[in-house]
Participant: 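Provided herewith is a single structure, encoded as structure tokens, for subsequent inquiry.
Chain letters run A, B, ... following the sequence lines, proteins first, then strands; residues in each count from 1.
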Amino acid sequence: MYSLSSIETKETQNIIFPTTQPHIQIKDLNVHIEGKHILKNINLSIPNNSITSIIGPSGCGKTTLLKTLNRLVDDTKGVDVTGSVLVNGEDIYGKHAEVTHIRKKMGLLSQKPFPLPMSIFDNVAYGPRIHGERDKKILKGIVETQLRNVGLWEEVKDRLDASATRLSIGQQQRLCLARGLAVKPEIILGDESTSALDPISTQTIENLLVELKKDYTIVLVTHILRQARRVSDYIIFVYNGEIVEFGKTEDVLLHPKNEITQQYVKGFIT
Amino acid sequence: MNLRLIKDSIVRNLSAILLFASLAVVLLIVLGLGSKSIPLLQTEKLGNILTESIWSPLKGNFGFLPFIMGTVWVTFISLIIAVPLCILASVYLVEYASDRLRNLVLPLMNVLAAIPPVLYGVWGILFVVPGISQFVAPLFGVHTTGYSVFAGGIVLAVMIFPIMISIMVEVLLTIPQELKAASLSLGATKWETIQKVILKKAKPGIIAATVLGVSRAFGETVAVLMVCGNIPKVPQSIFDAGYPIPALIANNFGEMMSIPLYDSALMFAALLLFVIIFGFNLLSRIILNRLEEKA
């Protein structure tokens, strides 16, 4: 079974929620896509400054759950969302919620890196520019800081004007992370962000995320249990659109309370 | 040898022969046109023929500038109208319209593409030409019959809509959802995403669609000659009549062949059209390759 050595053990097993107001709170969330009930009565508070992984078999709704957090789910055809998602206490599905403002607060790291069709520099500067930053010095500063943050600066500092698609896929994913960090988000969302990467790049990204959690609240979707175990503090197990279990990593993976979770963790359900 | 293998090699060789036969046709056209144009080229210098603007076959003046400029004006006007409209229309179809609307409109585009050019010509004479002479030209204080390069450009623009829109839609559909999501998740609006990411990514495809549109526009004959006025003078404004090369050939071929060199001049016109279209396609291929390398 799993060894606990790599997991930093938290004090008591009963305390799941931090005392401060959580960045993300989900209340009675239901999502239908073209009549299908994809997410059912989700109620959840995601702990701040930690990594929470959403796990579950494919098609269980874990990616949809992630996408409801920054309303990217809006772009799905025939989608209907009820309930609320509070980000810093503000309902992002409320009447007055402004989508661009919400998304700015969340950096998204997708499955495969999708660099924008422009130079390395412009990729990172894209977000700040969109939000009105014109000062070249400031932009330069942001680009350098964020590229250093993801450990890419030394590798690309001499070719910032080169097309971003020329980078290796691991470098591209780090660039995408830097691009997301450049708009100063509070939350980082990762959708199987390492599934297209080689082991070394995967490790780089994982280490980065662990390092970043002191400043950000991080939510990852992953289908790799070992990755969930390596990086996350909390785990949400989703099955058939419902949250079956939510708790500290070691609790969910080693002592699952629910039978379906047990089966999934043991590898009987994939 | 095994019969099956013999069959196999027959099919392979036959296909190759047929391929080269079809390529040979192109070569034959060029050779045919070239040899027929020689009499004209022997009497006057190529440079003069291309830059002279006097066309009076009876006096032996064969200046092709009016026709070249007629073609250029009509094509250019049609592009100015068609390219922005087609880009916006296809962006709307892909990014905003519902699946139902898209599935309704795209087949309709194919119907538009299947309408014979002569019908577009009739439509031009009935609506576009009077529209220009009665409403548009007076706005600019110009008197015109309406038969003008502008009318030709409008009719041509409408004719190249379907092919350009359907190609642009195909191109836009290939842009991954995740790339759009990347831009949106940074807080960009949909319009910012379209301008800065989608259209940028789609640029080579949009250029390719435009090239196909232009190639069609260069060669389009009947519809244009019905509304263009066909006066062999270099147009000075969009309200002037023009005389594109295909119209010249179609209007005059088979007539007045007794005039010396006339036959040869028309063949030269055809060769010119061929060279222009060929050169244009070659050039755009080079540009596209550059763009793809860069991306």
Participant: Do other residues, nucleotides or ligands put more than 12 heavy atoms under 6.0 Å from B:Phe274 CZ?
Facilitator: yes
Participant: So, does A:His131 use its side chain to make a donor-acceptor pair with the main chain of B:Leu186 at under 3.5 Å?
Facilitator: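 Such a contact is found between A:His131 side chain and B:Leu186 backbone.
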Participant: Under 4.5 Å from any heavy atom of chain B, what part of A:Pro115 do you find: side chain, backbone, both or neither?
Facilitator: backbone
Participant: More than 12 foreign heavy atoms under 6.0 Å from NZ of B:Lys180: is that the case here?
Facilitator: yes
Participant: Hey, could you give me the NZ/CG distance between B:Lys190 and A:Asp74, rounded to the nearest 0.5 Å?
Facilitator: 10.0 Å
Participant: Is there a side-chain contact between A:Ile130 and B:Lys196, using heavy atoms and a 4.5 Å cut-off?
Facilitator: yes
Participant: What are the two closest heavy atoms between B:Glu192 and A:Tyr126, and how far apart are they?
Facilitator: O-OH, 4.0 Å
Participant: Among A:Leu72, A:Ile102, A:Asn70, A:Leu189, which has the most heavy-atom pairs under 4.5 Å with chain B?
Facilitator: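 Most pairs with chain B among the choices: A:Leu72.
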Participant: Can you see which heavy atom on A:Arg103 is nearest to which on B:Leu184, and at what distance?
Facilitator: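 What the structure gives for the nearest pair is CD-O, 3.2 Å.
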Participant: Looking at every non-hydrogen atom in both residues, tell me the closest pair between B:Ala182 and A:Phe114 and how far apart they are.
Facilitator: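 Reported closest heavy-atom pair: CB-O, 4.1 Å.
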Participant: More than 12 heavy atoms of other residues, nucleotides or ligands under 6.0 Å from OH of B:Tyr96: is that the case?
Facilitator: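 Yes, OH of B:Tyr96 has more than 12 neighbouring heavy atoms, counting only those of other groups under 6.0 Å.
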Participant: Between atom OG of B:Ser185 and atom CG of A:Leu69, what is the distance when rounded to the nearest 0.5 Å?
Facilitator: 13.0 Å
Participant: Using a 4.5 Å heavy-atom cutoff, which residues in residues 172-185 of chain A come close to chain B?
Facilitator: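 A:Arg179, A:Gly180, A:Val183 fall under the 4.5 Å cut-off.
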Participant: Among B:Val197, B:Leu199, B:Ile198, whose side-chain contact (heavy atoms from CB on, under 4.5 Å) with A:Pro117 holds?
Facilitator: B:Val197
Participant: How about B:Glu178 and A:Gln111: do any of their side-chain heavy atoms sit closer than 4.5 Å?
Facilitator: no
Participant: Could you have a look at A:Met106, A:Lys77, A:His101, A:Lys104 and say which one has the most heavy-atom pairs with chain B under 4.5 angstrom?
Facilitator: A:Lys77
